[in-house]
Each structure stands twice: as structure tokens, then as C-alpha cells.
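What follows is a single structure, written as C-alpha cells, with notes after it.
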Amino acid sequence: MSDLLRLATAGSVDDGKSTLVGRLLYDTKSVLADTLDAVHRASADRGLATPDLSLLVDGLRSEREQGITIDVAYRYFATPKRSFVLADTPGHVQYTRNTVTGASTAQLAVLLVDARKGVIEQTRRHAAVLALLGVPRLVLAVNKIDLVDYDEVTFSRIAKEFTAHATALGYTEDAVVEIPVSALAGDNVVEKSANTPWYEGPTLLEHLENVPVEPDPHDAPFRFPVQYVIRPRTAEHLDYRGYAGLVAAGTIKPGDEIVVLPSGRRSTVTKIDTADGELTEAAAGQSVTLLLADDIDISRGDLISVAGNEPKVTDELDATLCWLAEKPLRAGARVLVKHGTRTVQAMVTELRDRFDEQKLSSVDSPSSLELNEIGRVALRLAEPVPLDDYSFSRRTGSFLVIDAADGSTLAAGLVGAPLPELDAASCTEGGDIAAQDDRALVSPGP
């Protein structure tokens, strides 16, 4: 049975992300006949002699009209070696928030650049976001290589510049792979291209099929945010009390001792129910209902953890934010923090620093965080919340910042998640590397 790779695409506007994804779907025969017919008709209506493969991904009317990606488009395809869940994310700066969404669960990201433009501001911004989110592996797809006459020197220059930038963000060199491609012509996407005899590496699909995938860590401490309390109160299930949710991390089985947070009450798991029957063990990614030995007060928003290795419970939060709203964030702002299934009121007490992803430097005590900026903040929560550090668990170390007035998402937050350590020696030429303090910094490398 093939394993699963979750990946995301990123890049600037018109770098060809949708065409590349369409090419992957088309060349792996993952497109239904009626869908392909619709693309042929739409392409013919535009006067195109060949099908516009980007239409396989750009599903919204506004996307097709403007020729850009706005929403995150999820696509599923498979080869005999592996199955894939691909998130095609927008390239426009305005939709960086959707890039954060698509990359939040990715095990690998394909970052595109136009061979004619090279590494640009949005490329560096996306690389910083991917590093911050802990995406462990990157592929730099130097697209439209046909428009620079398949020039090896151009490819090598772009690859060298990007590798230096990614290394400065914390990636190891073996976690970054550069591939020259033409999504439109199909060069090095699925089939090896005769137009790049100087390139000896894998095609994009070969790399995706064979890159090592780090599975969900089942040996991680058990984490279970409670979504719903099930009380049928029928004659058949008179005393049934189950706690339903998705296992965020680790495994659990009957007989295991657990602790409910933030209350700290303890019990033992007696049974694990699912819609398909009883389980002897549940693991990360499974939706289950837990039954406990004791009738204790548990409600939506509580976290059930393995006893002896539970997260910290605190109302003071040191976090990194990727600010996604038009209005700036300033100290003193009152917001909502949604962590797991719990939402609490909070106040931003301090803006500690802002990361400049272009110069790879940090600015201490900024006056605000603007749209798409990344910074470290301090938050005071209205009530204690059980929290893991993001470097320990991506699923229980992340949260959303929400506008209490209209419910809109303001920021993606990572608990702790200090910005990547900067290495002046490995940065791109001309990079202004600020002096760094000695706080512990996280590396997203594998």
C-alpha cells in the first residue's frame, strides 16, 4: 500500500503554480474525462490551441477570469508509489493568509520562481513563512526554464541564491532540492527533459514519489481536544457519557491514565468508540469517542492528555504571529485566541520583535505589525489554557487570533516558535544581518 505525502505549492503571481499542478494531474492521468473536456472547451473559447492546464485547479469564476489563484485548492492524486494531497495556494501578497492555511499541515512545499525573474520579495516571504510553520522540506521549481532557452547558468544562479536564503532560515542543504521545469511544456515535471542535458537530478514527480516522509509521531504524548460530549440518555444507553474529538497527537488505549486540562482531574480510559465499532487503540488523525472510568466535569474546549506528560497550563503566552489582517496590530489590542476547540479572550500586552524576511534581520519593540508581517508577541489570556510549544507539536502548538467584533481571522499564531536563527555566512549577497540575541531559536530542518 502506498504512503501519503501532504504538500503545498507557493510562489509569486504568474509563476505558474496552477499550471504546474494541472500538469501533474494531467500527466499522472488523475483528471476525469468530463473535467478535461470542460478545460478543452474553455481553452478553445480563449483561442488557445492547447489546453490551459491551470483551469484544472483554478475553480472559482473570479480565478478563471483573472488568471490568478485566490482560494486554497486541494487536489488528490496518486501514483503506484505514493498518494498525494496537494494544496495549491495563492501567490498574491493579499492572499498570504491562504498560503499559511495550505502550508500548515504540509510535509513538503514546492516553491516556484519564474526563471526570468529569479528570487524576488514574495519568494523570500514565502520561504520565511514555510520555515516558521516548520515545513520540513522544500523544492525550488525554477519554472518557465524554456523562456530562458534552458540556460544552465541562469538556473544555477537562482538555485544558489535560494539555497543560501533557505539555509539562513534554518533549513539544511539536503532538505532543499532545486529542479528546472517548464509547467507549460512539461519539462522535468513528470518526464525527464532532453532540453536540460546538464540537469542530472530527478523530475519533480520522481522526487515527490521518493522523498522521505516523516509520519505522524505516534510516540508523541497523547493530546485530545474535546469537541463534543455525547449523552444519548436512551433506554439502551442510559448512562453513556463519551467525549468525542480528533486525536491531535500520540496514541491511547483502554487502561491508560489520563488528565483533563485545565482542571487537572484524572481518570482512566475504559473504552474507545467509533462509528465503525470499538477500537483497542486510537492514534493521531483518528476521530474517536473516549469513555472514562469516572464521571468528571468535561466539556468542549477541554484537553485530555496522557498523565505524566501533559502540556503546560498558563494564561501568559509568548508566541509568534503571522499577521493576516489589513488593520495593524498594536500593543493593548483585545482579541480572541482559538486553540484547539477552546476560544478565550486575550490582550496583546507587548510586541517584542518583528522579523524582516527580506533582510533576514529582526527589529526590537516595533510599534505595530502590518499585513503579512511576522513578529513575536506576548499575550495575556482571560483564563488558563493547556499549551504545547510549536516546536514540540505543530497541532497543539498552533492557534488563531480572531477579531472579537466580526469573527474574522487576524493572525496565525505559534506557541513559542521563535524565529529561525540567522547565519550571516549563509545569507544571500547583500543581506543585512542584524546581531542576534542568544535566545533559543528553532530550526525546521528534518
Side-chain angles (χ1 to χ4, degrees), residues 4-11 17 21 69-76 84-111 122 125-139 169-171 175 213-217 220 223 225 245-249 284-285 317 319-325 336-343 355 357 371-377 387-402 408-420 442-446:
L4 176 68
L5 175 67
R6 294 187 296 271
L7 68 149
T9 59
K17 296 179 302 302
V21 176
T69 300
I70 295 173
D71 199 7
V72 180
Y74 289 94
R75 293 295 180 266
Y76 308 88
F84 303 90
V85 178
L86 187 150
D88 181 35
T89 69
H92 198 285
V93 174
Q94 179 182 351
Y95 303 113
T96 299
R97 70 195 72 184
N98 292 352
T99 301
V100 173
T101 299
S104 62
T105 59
Q107 298 159 303
L108 177 147
V110 179
L111 184 55
Q122 187 70 338
R125 178 178 292 113
H126 277 148
V129 168
L130 295 170
L132 184 68
L133 292 173
V135 179
R137 294 183 181 274
L138 296 181
V139 174
L169 288 168
Y171 285 97
V213 175
E214 291 76 19
D216 288 332
R223 302 287 188 264
L246 177 73
V247 180
L317 178 55
T320 302
L321 299 184
C322 182
W323 191 250
L324 306 174
L336 297 177
V337 168
K338 185 179 188 303
H339 175 263
T341 55
R342 176 182 290 264
T343 301
F355 179 57
E357 77 281 351
L371 175 67
N372 295 326
E373 289 186 336
I374 299 169
R376 278 203 319 145
V377 305
L387 300 166
D388 283 309
D389 193 278
Y390 188 79
S391 61
F392 177 79
S393 172
R394 290 174 72 179
R395 293 185 177 178
T396 56
S398 57
F399 62 92
L400 294 177
V401 178
I402 298 172
S408 61
T409 299
L410 300 175
L414 313 177
V415 179
L419 297 167
V442 96
S443 170

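In this structure, the separation between CG on Leu138 and CG on Leu7 is 12.0 Å, given to the nearest 0.5 Å. To the nearest 0.5 angstrom, Ile374 atom CD1 is 14.0 Å from Trp323 atom CH2. Note: His126 NE2 to Thr9 OG1 = 9.5 Å, rounded to the nearest 0.5 Å. How far CZ of Phe392 is from CG of Leu387: 13.0 Å, rounded to the nearest 0.5 Å. One finds the CG atom of Leu410 at 8.5 Å from the CG atom of Leu324 (value rounded to the nearest 0.5 Å).
Applying the side chain to side chain contact (heavy atoms under 4.5 Å, CB included) criterion to Thr341, with sequence neighbours excluded, gives Pro225, Gln227, Arg300. A search for side chain to side chain contact (heavy atoms under 4.5 Å, CB included) contacts involving Arg394 returns Val135, Pro136, Tyr390, not counting sequence neighbours. Considering only residues two or more places apart in sequence or on other chains, Leu336 meets the side chain to side chain contact (heavy atoms under 4.5 Å, CB included) condition with Thr343, Gln345, Ile402, Ala404. Residues passing the side chain to side chain contact (heavy atoms under 4.5 Å, CB included) test with Ala127 are Leu111, Phe162, His165, Leu169, sequence neighbours excluded. Partners of Ser408 by side-chain hydrogen bond (donor to acceptor under 3.5 Å, both in side chains), not counting sequence neighbours, listed by chain and number: Asp406.
Taking all atoms of both residues into account, the shortest heavy-atom contact from Leu86 to Asp88 is CD2-N, 3.7 Å. Nearest heavy-atom pair, Arg395 versus Ser398, reported as atom, atom and distance to 0.1 Å: O-OG, 3.7 Å. In plain terms, the two heavy atoms of Arg223 and Thr396 that are nearest each other are CB-CG2, 3.7 Å. Between Ala284 and Ala249, the shortest heavy-atom distance links the atoms CB-CA, 4.0 Å.
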Evaluation steps, side-chain contact (heavy atoms from CB on, under 4.5 Å), between Leu317 and Phe399: CA-CA 11 Å; Leu317 178 55; Phe399 62 92; 3.9 Å; yes
Given side-chain contact (heavy atoms from CB on, under 4.5 Å), test Asp388 with Val415 step by step and report yes or no. CA-CA 7 Å; Asp388 283 309; Val415 179; over 6 Å; no
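His339 is not listed as a side-chain neighbour of Arg342, based on a closest heavy-atom distance of 4.5 Å or more. The closest side-chain heavy-atom distance from Tyr171 to Leu130 is below 4.5 Å.
Of the possible polar contacts, one joining the Thr320 side chain to the Gly416 backbone as a donor-acceptor pair under 3.5 Å is found.
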